[in-house]
Amino acid sequence: MKKVASLIILVFILTSLFAGCVSDSKSSNYQFSIGMVTDTGGINDQSFNTSAWEGLQSLSEDTGAKISYIESKQTTDYTTNLDSFADQNCDLVWAIGFSMSDSILNASKSNPDIKYAIVDNSYGENTPDNVTGVMFRSEETAFLVGYIAGKTTKTDKVGFVGGIEGNIIRQFEYGYRAGVDYAAKELGKNIKTDIQYIETFSDATKAKATTSKMMFDGCDIVFHAAGGAGVGVIEAAKEANKFAIGVDRDQAYLAPNNVLTSAIKNVGEAVKLVSQSMMLGEDISGKTMVYGLKDGCIGIPENNPNLSLEVYENVLEIQQKIMDGDIIPPDTKEAYNTYKSIL
Amino acid sequence: MQLIIKILRKPITSTIIAILCGFFVASIILSLAGYNSIQTINVMFNGVFSRPKSIANVIIKSTPIILTGLSVAFAFKTGLFNIGAEGQYIMGTIFAVIMGIQFDFVPYIQVPLVIFSGMIAGALYGGIVGLLKSKFGIHEVITSIMLNWIALYMSNFIANTSVFHKPNTTGTYVINESSFTQVLYKWKTSRAGIAYLKNNSFLSDILLRTDLNYGIIIAIVLAIFISFFLLKTTKGFELRAVGLNNHASEFAGIDVKKNILHSMLIAGALSGLAGALTITGMSPHNISTISVFEGNGLNGLSVALIANSSPIGCIFAGLLFSGLIYGGQSVQSEVGVPSEIINIMIGTIVFFVALTRLIPQLANVFEKKVGKKNAN
């Protein structure tokens with residue numbers, strides 16, 4: 001009996017000891033608070049969730065905004081996670097990824113006082129007054145890497161591995177194809193582009209198998225826009241000792257000798273920009289913000305050790321042309337067909 | 001002393017002590033990871049109990065795991081380890097989505113149609129396992145693990161088939177509204193409903209801001225029914241007899257093979273029902289491409305374990321588990337603890353609950369001591 005009693009007392013003493021470990025500091029100043037709900041990829045997806053959180057962290061360091069996140073384990077979590085940030089009276093709630101588009105619509109309806117922002121989704125004309133859509137002109141960076149691929153290929157055959165078909169991934173596909181065509185025209189030769197969709201954003205094994213097959217069939221450079229599954233594309237390139245082109249972030253660290261370059265889509269930067277404008281009180285709700293090369297949210301990395309200097313210089317020229325509006329990379333099939341007919 | 005021994009012998013005491021031990025060890029882990037454990041556990045409890053809405057959410061999220069837990073517990077009573085609850089659950093969601101998109105009848109035909117098709121899909125999927133076990137003696141754990149993966153990829157296939165795939169998303173279309181099982185769905189989204197609810201904060205909290213649905217009623221009724229079925233009917237007796245000793249049952253004239261098949265059919269139906277109710281009762285009312293199991297079936301294993309395979313116990317175990325998951329999410333947003341640590345915390349609590357059998361033994365130790373004293 002004594003033992004039990006002493007055990008219970010021990011429990012209380014120990015737990016009360018731990019209570020002192022972390023002291024929470026409460027400042028009286030008003031803090032702008034931002035909540036972020038990840039999609040089912042989770043915070044460590046090494047892709048856009050990670051990037052978005054990095055953006056918010058950097059914002060918090062600069063401005064002292066209060067930030068927090070919740071990971072969604074299942075799609076049924078979206079509603080409850082968005083709702084719990086509404087309970088905490090966040091000023092701004094971020095939804096990372098278009099899979100939350102319907103949930104955001106519902107949440108914005110029941111919490112008109114809270115501002116919402118969603119990455120990779122545009123509601124167009126029907127954007128609610130308290131929602132901001134964030135889109136990227138990914139076709140611009142895809143065009144650049146397509147151009148690089150066209151200029152670098154030795155087999156005159158390059159590849160593209162997409163995740164699940166949809167407007168976002170099509171921007172990458174057609175931008176890339178147009179870039180390859182542009183390079184082919186410059187070089188005066190014919191370059192074939194092999195397009196494959198793997199119907200997943202997370203199955204790296206499938207991506208690897210698909211890429212290996214493409215490389216076996218003669219592609220020496222494969223670009224991927226397949227989110228987390230893209231790791232498989234880079235692995236396949238490493239095994240075949242050919243080149244892969246990364247996406248979203250500079251993925252060279254995954255295979256330093258086999259990643260030619262990356263089509264950077266800096267979600268974090270855009271998240272930071274939008275949050276900053278909101279903090280400053282700018283009225284950007286009810287709109288869709290589109291970020292491109294000019295805003296520094298997309299582009300290619302500065303250091304590309306596997307890229308020849310000549311090609312890199314050419315790319316910088318192309319980049320300038322895109323920024324000046326001399327080249328308009330296509331983002332849809334129709335735009336691509338028009339582009340091709342006048343090339 | 002005698003009283004303490006008596007209390008310790010009660011199964012409920014063991015469970016409560018186990019949960020407390022779990023929280024204690026979890027708090028040590030949290031402190032080691034550098035978080036304030038008291039605050040964290042406090043936030044967790046607040047996240048669950050602070051508002052009617054959060055309690056409603058715990059109940060909503062518990063529905064699928066109560067049912068999959070029931071499925072596992074039921075199969076376990078027949079001596080089968082239904083690790084395939086996950087696959088049966090997924091089959092339930094797939095067929096509920098297919099029927100929900102393809103048909104659009106009036107609710108009182110549509111809802112049963114959608115739910116029963118999910119249930120039948122789950123039952124047949126469980127039935128495959130039962131058939132293989134009873135006809136060829138193939139172990140149910142192996143077949144059902146394989147079938148889980150088949151179900152996962154089948155779900156991804158359906159999510160990407162052009163008939164069901166919603167363009168520019170990773171999932172299917174949303175099922176027709178006539179199949180929704182949320183409480184008063186039509187009324188609460190209508191203008192009159194919203195206007196009325198605005199003046200009633202309690203109702204608007206649990207109705208407007210959650211997906212409160214009728215699933216929990218079905219889950220509770222079924223748990224009671226399964227309990228009655230196992231304990232009070234001939235069929236239930238046969239199933240339990242097979243679970244306790246299949247050789248003895250066969251000798252007594254019970255058809256063991258048939259009972260294994262029946263048990264898997266019923267267990268599959270329960271998991272399939274869980275899937276169908278998730279689709280009809282919770283947004284986003286569709287399926288998406290997934291790469292890993294969502295865990296509703298696998299959590300059912302833990303629920304059945306905590307409940308010690310008692311059907312009624314599954315209700316409470318399901319609520320506990322769902323509370324831990326839901327509370328864990330508020331821990332993440334408010335304290336910033338990474339989900340890995342939260343999962344360790346939940347795992348620890350479940351681990352201790354699984355060790356509950358040690359508590360009655362503690363009672364034996366006490367009894368011996370008392371006995372010795374008395375002898376002296």
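Letters A, B, ... mirror the listed sequences (proteins, then strands); counts begin at 1.
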Considering only heavy atoms from C-beta outward, does the side chain of A:I169 approach that of A:I164 to under 4.5 Å? no

Measuring heavy-atom distances to chain A, does B:N156 have an atom under 4.5 Å in its side chain, in its backbone, in both, or in neither? neither

Below 4.5 Å, heavy atoms only, C-beta onward: do A:I43 and A:M36 meet side chain to side chain? yes

Would you kindly say whether B:S322 and B:S62 are connected by a side-chain donor-acceptor distance under 3.5 Å? no

Is any residue of residues 110-130 of chain A within less than 4.5 Å of chain B by heavy atoms, and which ones? A:N111

Would you mind checking which part of B:T278 comes under 4.5 Å of any heavy atom in chain A, side chain (CB onward), backbone (N, CA, C, O), both or neither? side chain

Kindly assign one of parallel, tilted or perpendicular to the pair B:W149 and B:F293, based on the angle between their ring planes and the thresholds 30° and 60°. tilted

Contacting region of B:S333 [heavy-atom separation from chain A under 4.5 Å]: both

Examine the side chains of A:E173 and A:Y336 and answer whether a donor and an acceptor come within less than 3.5 Å of each other. no

For B:S288, which atoms come within 4.5 Å of any heavy atom of chain A: side chain, backbone, both, or neither? side chain

What parts of residues 74-96 of chain A touch chain B if we use heavy atoms and a cut-off under 4.5 Å? A:Q74, A:T75, A:T76, A:D77, A:T79, A:T80, A:N81, A:D83, A:F85, A:A86, A:D87, A:Q88

I would like to know whether B:Q332 and A:E71 meet side-chain contact (heavy atoms from CB on, under 4.5 Å); could you show each step before the answer? CA-CA 8 Å; B:Q332 185 167 55; A:E71 286 176 284; 2.9 Å; yes

Nearest 0.5 Å, please: how far is CG in B:N57 from CD1 in B:I60? 5.0 Å

Best-contacting candidate, A:I70, A:N106, A:D102, A:D203, against chain B by heavy atom pairs under 4.5 angstrom: A:I70

For chain A, which of B:G171, B:P167, B:P284, B:S50 has the most heavy-atom pairs under 4.5 Å? B:P284

Measure the OG1-CD1 distance between B:T63 and B:I216 for me, rounded to the nearest 0.5 Å. 4.0 Å

Judged by atom type as modelled, is there a donor-acceptor pair below 3.5 Å linking the side chain of B:D211 to the main-chain atoms of B:S283? yes

Taking the six-membered ring for Trp, is the centroid-to-centroid distance between A:H224 and A:F160 below 6.0 Å? no

Taking atom types as modelled, is there a side-chain donor on A:Y174 or A:D331 under 3.5 Å from an acceptor on the other? no

Side chain / backbone / both / neither for B:H285 at chain A, heavy atoms under 4.5 Å: neither

Trace of the side-chain contact (heavy atoms from CB on, under 4.5 Å) decision for A:S72 with A:D39: CA-CA 6 Å; A:S72 305; A:D39 73 354; 5.9 Å; no

Between A:S60 and A:L56, is there a donor-acceptor pair closer than 3.5 Å when you use the side chain of the first and the backbone of the second? no

